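The model shown is predicted, which means the values in this text are computed figures rather than measured ones. For the numbers below, each heavy atom of this structure counts, side chains included, while hydrogens, waters and symmetry mates do not.
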Amino acid sequence: ELMMFKKHVIKTFKNQWLKLSLVGFIIILSSFLYMIIGASVNAIHEGAEPFLQRTNQEDFSIELTPYLTENEFIEFYATCQFETFFLDELYRQNQACYDLIIDYRFNQLNDNLTGVELELRQYKETHFDFGDNRHKIRILKDAERINLSEIEQGRRPIASNEIALTRNYANNHGLSIGDSITILEKTYEIVGFVLFPDYNLPVIEHMLLFDSIYQSLGLLSDEGFEQFNRPLNTYIAGVFLETVDIEEQVHHSDQTFPFVTIVMLTENNVRSGAIYAELEGGQATGLFLSGFIALIGIIIITIIIVKTIE
């Protein structure tokens with residue numbers, strides 16, 4: 001019986017060599033596909049990791065309420081004579097008082113949280129007309145310790161009429177270093193292309209979450225940022241100095257930090273953690289596709305063997 005089975009197998013291989021060759025090709029293809037996708041993912045990882053370390057990407061961010069708390073209103077009323085509860089309106093009315101509130105919040109957190117380093121993260125944003133469409137730009141204030149900007153090409157803005165944009169946005173519109181762009185009726189010279197570690201959606205071109213055709217990030221000089229006539233938005237970026245549960249520290253101190261709305265870890269934050277999701281997604285896709293193709297090959301082999309036995 002064993003000899004007969006061997007004869008059947010040899011005969012099957014001779015009669016169906018083409019099918020079996022195709023099965024072998026499918027299995028080789030699945031392995032090749034997995035290797036290619038794996039190599040691509042590793043290349044992204046090897047390029048991203050040094051950049052994120054070099055620029056000291058935040059480990060978490062702390063979002064702040066856009067309005068005064070009752071405590072803040074009472075404590076600082078004598079100094080500021082508030083006419084509004086909203087911080088964006090306060091910034092327009094009295095920047096010194098806005099800074100006073102933000103510094104108060106930062107110091108409350110900095111003095112009470114342990115095992116972390118904090119820094120204010122500030123930005124302004126606006127819509128503007130470019131060509132026949134409305135575009136949006138977020139101007140980030142240059143950081144000193146956390147989320148450091150990196151110039152990909154060109155140089156940093158020095159004068160108040162100079163700007164650095166994201167490369168993908170510039171490429172989508174044929175903009176080069178030395179060209180000009182008008183935002184809020186002010187013309188800026190493009191002097192560089194910039195990367196921000198806490199905003200990596202523009203880098204990976206995630207069209208559903210960040211459309212680099214109509215959206216860009218920007219960097220201005222400190223003077224240019226101050227002159228950019230839009231409301232100031234502030235949150236707090238942080239990095240871990242030791243292993244601590246930052247959410248536990250903040251959310252179990254509601255009376256101390258009533259101005260905090262949410263603590264977001266980088267891996268859970270779309271704007272800063274998207275690159276990690278992209279890497280995981282690439283690995284999962286490669287594994288699924290190669291596994292699926294290999295499964296087809298195994299099914300075909302099984303069918304051939306079953307028919308041979310029969």
Side-chain angles (χ1 to χ4, degrees), residues 48 51-69 72 86-88 90-91 95 98-113 115-126 136-151 156-157 163-166 194-203 209-210 215-228 230-241 244 246-247 249-251 257 259-276:
F51 163 70
L52 297 176
Q53 291 180 0
R54 198 165 57 240
T55 54
N56 200 22
Q57 185 195 40
E58 65 187 29
D59 293 320
F60 62 90
S61 64
I62 301 175
E63 302 294 331
L64 307 174
T65 60
Y67 50 82
L68 294 167
T69 64
E72 291 167 341
F86 296 100
L87 292 183
D88 58 345
L90 178 62
Y91 179 77
Q95 291 188 26
Y98 177 91
D99 292 340
L100 186 65
I101 296 299
I102 295 301
D103 288 344
Y104 166 77
R105 293 180 174 187
F106 179 83
N107 290 332
Q108 284 288 303
L109 290 166
N110 201 45
D111 292 344
N112 289 282
L113 299 181
V116 297
E117 180 181 4
L118 305 177
E119 184 177 19
L120 293 177
R121 191 62 163 146
Q122 298 183 313
Y123 66 90
K124 298 178 180 180
E125 58 187 9
T126 190
K136 183 179 180 180
I137 188 167
R138 176 171 290 191
I139 305 293
L140 293 157
K141 187 173 184 179
D142 218 0
E144 296 179 359
R145 300 185 309 278
I146 303 171
N147 294 326
L148 304 176
S149 62
E150 182 164 294
I151 297 299
R156 293 182 180 279
I163 192 170
L165 301 173
T166 51
V194 65
L195 295 171
F196 298 98
D198 53 330
Y199 287 83
N200 45 58
L201 285 174
V203 178
L209 300 174
F210 191 97
Q215 294 174 274
S216 181
L217 302 173
L219 178 69
L220 298 173
S221 65
D222 288 344
E223 180 185 5
F225 186 84
E226 292 301 319
Q227 293 177 3
F228 197 77
R230 278 297 180 267
L232 181 64
N233 299 279
T234 303
Y235 60 91
I236 294 174
V239 293
F240 294 120
L241 302 178
V244 295
I246 187 63
E247 294 171 295
Q249 284 196 58
V250 172
H251 291 311
F257 312 124
F259 48 80
V260 170
T261 59
I262 189 171
V263 178
M264 186 75 75
L265 296 176
T266 292
E267 58 261 34
N268 300 327
N269 194 331
V270 172
R271 65 169 170 76
S272 56
I275 196 164
Y276 299 109

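By the 4.5 Å heavy-atom criterion applied to side chains, Asn233 and Gln122 are not counted as neighbours. Two residues are said to be in side-chain contact when any heavy atoms from C-beta on lie closer than 4.5 Å; Ile236 and Leu120 meet this criterion. The side-chain heavy atoms of Leu64 and Thr261, taken from C-beta on, include no pair separated by under 4.5 Å. Side-chain contact between Phe51 and Pro197 is present, with heavy atoms from C-beta onward closer than 4.5 Å. Residues Lys124 and Leu220 have side chains not in contact (no heavy-atom distance under 4.5 Å, counting atoms from C-beta outward). Contact of the Glu63 side chain with the Met264 side chain is not registered, since no non-hydrogen atoms from C-beta on lie closer than 4.5 Å. Between Leu217 and Val194, the closest side-chain pair of non-hydrogen atoms is not below 4.5 Å. In this structure the side chain of Gln95 never reaches within 4.5 angstrom of the side chain of Leu90, judged on heavy atoms.
Distance check, rounded to the nearest 0.5 Å: CG of Leu148 to CG of Leu52 gives 11.5 Å. From Gln215, atom CD reaches atom NZ of Lys136 across 6.0 Å, with rounding to the nearest 0.5 Å. Expressed to the nearest 0.5 Å, how far OG1 of Thr55 lies from CD of Glu58 amounts to 10.5 Å. To the nearest 0.5 Å, the span separating CG on Leu118 from OG on Ser61 amounts to 11.0 Å. The structure places CZ of Phe228 at 4.5 Å from CD1 of Ile139, a figure rounded to the nearest 0.5 Å. Summarising the geometry, atom OH belonging to Tyr104 is positioned 10.0 Å from atom CG belonging to Leu109; distances are rounded to the nearest 0.5 Å.
Side chain of Asn112 to backbone of Gln108: a donor-acceptor contact under 3.5 angstrom is found. At least one donor-acceptor pair closer than 3.5 Å links the side chain of Arg105 to the backbone N or O of Thr65. Checking side-chain atoms of Gln57 against main-chain N and O of Asp198 turns up no donor-acceptor pair under 3.5 Å. The backbone N or O of Ile101 lies less than 3.5 Å from no partner atom in the side chain of Glu72, so there is not a single donor-acceptor pair.
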Evaluate Phe225 against Leu232 for side-chain contact (heavy atoms from CB on, under 4.5 Å), listing each step before the verdict. CA-CA 10 Å; Phe225 186 84; Leu232 181 64; 3.6 Å; yes

Would you please test Leu219 and Leu140 for side-chain contact (heavy atoms from CB on, under 4.5 Å) and show each step? CA-CA 6 Å; Leu219 178 69; Leu140 293 157; 5.6 Å; no

Trace of the side-chain contact (heavy atoms from CB on, under 4.5 Å) decision for Tyr98 with Leu87: CA-CA 7 Å; Tyr98 177 91; Leu87 292 183; 3.9 Å; yes

Check against side-chain contact (heavy atoms from CB on, under 4.5 Å), Leu113 and Ile62: CA-CA 12 Å; Leu113 299 181; Ile62 301 175; 4.1 Å; yes

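Smallest separation of non-hydrogen atoms from Glu119 and Glu144: OE2-N, 2.8 Å. In terms of heavy atoms, Ser149 sits closest to Phe196 at CB-CE2, 3.6 Å. Pro157 and Ala164 get closest at one heavy-atom pair: CG-N, 3.7 Å. Listed here is the closest heavy atom pair of His251 and Ile262: CE1-CA, 4.3 Å.
In this structure, a donor-acceptor pair under 3.5 Å is absent between the side chains of Thr266 and Asp59. Looking at Thr126 and Arg138, their side chains never bring a donor and an acceptor atom within 3.5 Å of each other.
Between Phe240 and Phe60, the ring planes are tilted. Angles from 30° to 60° get that label.
Cation-pi geometry between Lys141 and Tyr123 is not met at under 6.0 angstrom from the ring centre and within 45 degrees of the axis.
One finds no salt bridge joining Glu125 and Arg230 here, because no Lys/Arg side-chain nitrogen approaches an Asp/Glu carboxylate oxygen to under 4.0 Å.
Other residues, nucleotides and ligands contribute over 12 non-hydrogen atoms within 6.0 Å of the CZ atom of Phe106.
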